[in-house]
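Here's the structure, in structure tokens; my notes come after.
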Amino acid sequence: MRSFIEGMPKAELHVHLEGTLEPEHIFSLAQRNGIELDYKTPQDVIDAYNFHDLPSFLSIYYAAMGVLREEQDFYELAYQYFEKVATENVLYVELFFDPQAHTSRGVAFATVIDGIHRAQLDAEKNLGIQSRLIMCFLRDLSAESAMEHLEMARPYLERIVGVGLDSDEKDNPPLKFAEVFKRARELGLKLTMHCDVNQKDIVAHLWQCLNDIQVDRIDHGVNALEDEAMCDEIAQRGLGLTVCPVSNRFVVQSLTATEIRTMLQKGMKATVNSDDPAYFRAYMNDNFIALQEEGDFTRDEIVQLSRNAFEVAWIDDVQRKRFLQALDSYAADTA
Ligand code: ADE
Ligand code: ZN
């Protein structure tokens with residue numbers, strides 16, 4: 001199963017660019033940008049990763065990204081991620097980025113998006129990996145700030161496929177951003193939002209995503225299983241759920257294998273993703289392999305998870321068919 005998973009064509013739909021910042025890169029960027037770190041070695045940084053919930057993760061995540069300052073920094077960050085997942089047979093990526101976490105430190109929006117975009121072009125040319133960008137708003141900041149950043153993105157709209165909502169979910173419901181997401185929809189952008197595992201009011205947040213915001217996808221969304229009517233609605237709409245097994249383990253001490261299998265059985269389009277792979281120390285293959293082992297998933301179930309990702313990806317049907325053919329041929333050739 002391990003080698004089958006490693007060779008399988010995959011798409012990643014839930015990965016935060018800033019969550020791919022590896023400890024060694026934190027050190028090299030700190031040196032280049034003249035930034036003093038609290039840690040002496042990359043291993044000291046890893047040793048500090050004792051997350052147990054969303055806020056304890058986010059405080060380390062935001063502190064570390066302070067080393068990202070120049071266009072080249074964002075280029076390297078994105079390109080290194082693409083290089084890594086190209087070795088894992090990831091064919092397609094939808095990449096989140098958090099502009100507010102950079103503009104708030106005096107880094108221009110253009111610096112961030114130009115660096116990422118250049119890496120996307122080089123990754124497509126050199127590595128054959130295709131990608132699209134999802135701009136996330138930080139839900140613990142104001143709706144006004146989110147709207148300002150949507151305005152900032154206007155000159156770059158053809159580089160962005162959709163908007164998302166991340167950061168600390170507690171008391172920051174989807175409805176807080178209803179106007180921003182309505183505007184994003186008018187601008188032709190796809191909509192997704194985090195409904196992180198076991199957050200306060202999570203079932204209410206999920207219903208807001210479905211009924212008020214009318215999202216095109218849900219990030220995480222494991223708690224939908226608590227409501228039968230919600231599961232039916234998600235299955236019937238064919239909405240993708242971007243589940244992140246290893247990330248979940250930091251919060252619920254499980255890879256949520258049972259829940260993911262239940263989603264498949266209910267016809268919900270669950271997918272497997274890495275979330276913040278440098279922090280959770282697991283990229284795509286590690287997530288799939290650990291999940292398969294915990295849940296004793298069959299080959300068919302693993303292929304279905306990968307198929308779901310291509311089916312719910314924000315690509316055109318020609319491209320979708322091409323990716324699905326690659327997955328089907330792989331499954332047939334390795335049967
Ligand atoms: N930002 C980066 N990773 C996140 C996560 N897992 N949940 C919410 N916000 C995030
Ligand atoms: Zn996430």
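Just follow the structure's listing: the first ligand is 1, and inside any ligand the first atom is 1. All values below come from the heavy atoms of this structure, side chains included, with hydrogens, waters and symmetry mates left out.
Tyr279 and Tyr49 have tilted rings, their planes meeting at an angle from 30° to 60° on a 0 to 90° scale.
Partners of Phe82 under the ring-ring contact (aromatic ring centres under 6.0 Å, His included) rule, at least two apart in sequence or in another chain, do not exist in this structure. With sequence neighbours excluded, no residue forms a side-chain hydrogen bond (donor to acceptor under 3.5 Å, both in side chains) with Thr87. Among residues two or more places apart in sequence or in another chain, the side-chain hydrogen bond (donor to acceptor under 3.5 Å, both in side chains) test is passed with Arg322 by none.
Here the protein heavy atom with the shortest distance to atom 3 (N) of ligand 1 is Asp276 OD2, 2.8 Å.
Protein N/O/S atoms closer than 2.8 Å to the Zn ion (ligand 2), listed by chain and residue number, are His14 NE2, His16 NE2, His194 NE2, Asp275 OD1.
For His194 and Phe96, the distance between ring centers is under 6.0 angstrom. Under the 6.0 Å cut-off for aromatic ring centres, Phe177 and Phe137 do not qualify, their centroids lying 6.0 Å or more apart.
Proximity annotation for atom 7 (N) of ligand 1: of Asp140, Asp98, Asp196, Asp196 comes nearest, heavy atoms only.
Once rounded to the nearest 0.5 Å, the distance linking CD of Glu76 with NE2 of His25 reads 4.0 Å.
Within the 4.0 Å heavy-atom cutoff, Phe57 counts among the residues contacting ligand 1. Residue contacts with ligand 1 include Ser167, since one or more of its heavy atoms lies under 4.0 Å from the ligand.
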